[in-house]
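Following: one structure in structure tokens, then a few remarks.
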Number of protein chains: 2
Amino acid sequence: MLEYEAFEEKTINRQEIFKGKIIEVALDEVALPMGGTSYRELVFHPGGVGVLAITPENKIVLVKQFRKPLERVILEIPAGKIETHEGRSPMETGARELEEETGYQAETLEHLTSMYLSPGFANELLHLYHAKNLKKVENPLAQDDDEVLEVYELTLSEAKEKIQTQEICDAKTIYAILYWETLFLRERN
Amino acid sequence: MLEYEAFEEKTINRQEIFKGKIIEVALDEVALPMGGTSYRELVFHPGGVGVLAITPENKIVLVKQFRKPLERVILEIPAGKIETHEGRSPMETGARELEEETGYQAETLEHLTSMYLSPGFANELLHLYHAKNLKKVENPLAQDDDEVLEVYELTLSEAKEKIQTQEICDAKTIYAILYWETLFLRERN
């Protein structure tokens, strides 16, 4: 087993390229552990939260929204960025996004997993929660004012069909649906 | 159900921020469907491939490598970027990365799913394959010259433990392991 030093790429120089509202971009020149140097293109992101929310009718709650990088609308689990400056925990962010985007509140949010989405160039960490015992809220929190969303509730087989047709096509949602499916599989064992 | 026009964000102006070897970064000013404008920070990426490879001993093949955005080593399934200019299909890229990184060749690569890792700001699409009937190659393709890798083979329960300890912590690998687990669950049904 190699020691950590055999892997580490030390930064020789960092060029700051962009400081946006959401991401920051940098170009690092690094010293390679086997000698020599290379460049690493880096994106820093505050991280996000996604919520697997299943209704009492055993349907998954999804939101349809336009995603500019893809130039199309897709169906995703409720999700949002962590707003570091607002001091909310990932779980509080999850509860808030669920209510804002879908009008549901959950009795509990169980942490399922946290995953780096694209560790080759980005440090974005996505925390995934399972919202339990949903109920509709009379006066939910308002949505963000630059988002248009439409809420859908699908059965497991409907959701799997939407993966086939690629209306569902993002990692957190595909993972959440596979996780939901394992709950059925485990029940039957 | 809302029409597409109710969601679409038309680009008014695009500012090109960075053209790297791997990613390109842009800042779009967009016209919002409900009126008004906003900005979208965008990262364009050629996409990648990941390979769930299970040995005849029923172990998953993983590679340990340093990831600069995280400043640490993690364990991942074999993976790589799509090199568009080299004209290789995603499946060919998967076969090649598997051999280069682990020394294994597969009889077949079955497509499992393709997922956008971070559709809020990036268009990166990851194609996931299941490599079947692995065999060790006598003289495998050489690794990329700026990567230090170490290969591990883990049982399902060892892999799940590495998720708990966060040595395994990226979306494609966590998804691949959950998928592998469903194969066991389905067998038992």
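Just so it is clear: chains get the letters A, B, ... in the order the sequence lines come, proteins before strands, and each one is counted from 1.
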> Taking a hydrophobic cluster as the set of Ile, Leu, Val, Met, Phe, Trp and Tyr residues connected by side-chain heavy atoms closer than 4.5 Å, whether directly or through intermediates, do B:Phe184 and A:Phe184 fall within one such cluster?
Replying inline: yes

> Hey, which of A:Leu125, A:Leu126, A:Leu42 has the most heavy atom pairs under 4.5 Å with chain B?
Replying inline: A:Leu42

> How close do A:Glu9 and B:Asp146 get, heavy atom to heavy atom, and via which atoms?
Replying inline: OE2-O, 4.2 Å

>> With a 4.5 angstrom heavy-atom cut-off, is it the side chain or the backbone of A:Arg188 that approaches chain B, or both, or neither?
In response: both

> Among residues 16-23 of chain B, which ones touch chain A with a heavy-atom distance under 4.5 Å?
Replying inline: B:Ile17, B:Phe18, B:Gly20, B:Lys21, B:Ile22, B:Ile23

> By a 4.5 Å heavy-atom criterion (distance strictly below it), what part of A:Leu32 contacts chain B: side chain, backbone, both, or neither?
Replying inline: side chain

> By a 4.5 Å heavy-atom criterion (distance strictly below it), what part of A:Ala6 contacts chain B: side chain, backbone, both, or neither?
Replying inline: backbone

> Between B:Thr11 and chain A, which part of the residue has a heavy atom less than 4.5 Å away: side chain, backbone, both or neither?
Replying inline: both

> Are A:Val49 and A:Met91 linked, directly or through other ILVMFWY residues, by side chains that come within less than 4.5 angstrom of each other?
Replying inline: yes

> By number, which residues in residues 108-120 of chain B have some heavy atom less than 4.5 Å away from chain A?
Replying inline: B:Thr113, B:Ser114, B:Met115, B:Tyr116, B:Leu117, B:Ser118, B:Pro119, B:Gly120

> Do A:Leu154 and A:Tyr179 share a hydrophobic cluster (ILVMFWY, side-chain heavy atoms under 4.5 Å, transitive)?
Replying inline: yes

>> Applying a heavy-atom distance below 4.5 Å, give me the residues of residues 167-175 of chain A that approach chain B, sorted by number.
In response: A:Cys169, A:Asp170, A:Ala171, A:Lys172, A:Ile174, A:Tyr175

> Can you tell which of B:Tyr152, B:Tyr4, B:Phe7 has the highest number of heavy-atom pairs within less than 4.5 Å of chain A?
Replying inline: B:Phe7

> For atom CD of B:Glu161, is the number of surrounding heavy atoms from other residues, nucleotides or ligands below 6.0 Å larger than 12?
Replying inline: no

> Do other residues, nucleotides or ligands put more than 12 heavy atoms under 6.0 Å from the CD atom of B:Glu5?
Replying inline: yes

> Relative to chain A, which segment of B:Glu124 carries a heavy atom at a distance below 4.5 Å: side chain, backbone, both, or neither?
Replying inline: side chain

>> Using only non-hydrogen atoms and a strict under-4.5 angstrom cutoff, which residues of residues 65-73 of chain A touch chain B?
In response: A:Gln65, A:Phe66, A:Arg67, A:Lys68, A:Pro69, A:Leu70, A:Glu71, A:Arg72, A:Val73

> Are A:Glu181 and B:Arg186 close enough that some pair of their side-chain heavy atoms sits under 4.5 Å apart?
Replying inline: yes

> With hydrophobic residues grouped by side-chain heavy-atom distances under 4.5 Å, do A:Trp180 and B:Ile177 end up in a single group?
Replying inline: yes

> What pair of heavy atoms forms the shortest contact from B:Lys64 to A:Leu2, and how long is it?
Replying inline: NZ-O, 4.4 Å

> With hydrophobic residues grouped by side-chain heavy-atom distances under 4.5 Å, do B:Ile74 and B:Val151 end up in a single group?
Replying inline: no

> With chain B, which of A:Ile163, A:Asn123, A:Leu128 has the greatest number of heavy-atom pairs at distances under 4.5 Å?
Replying inline: A:Asn123

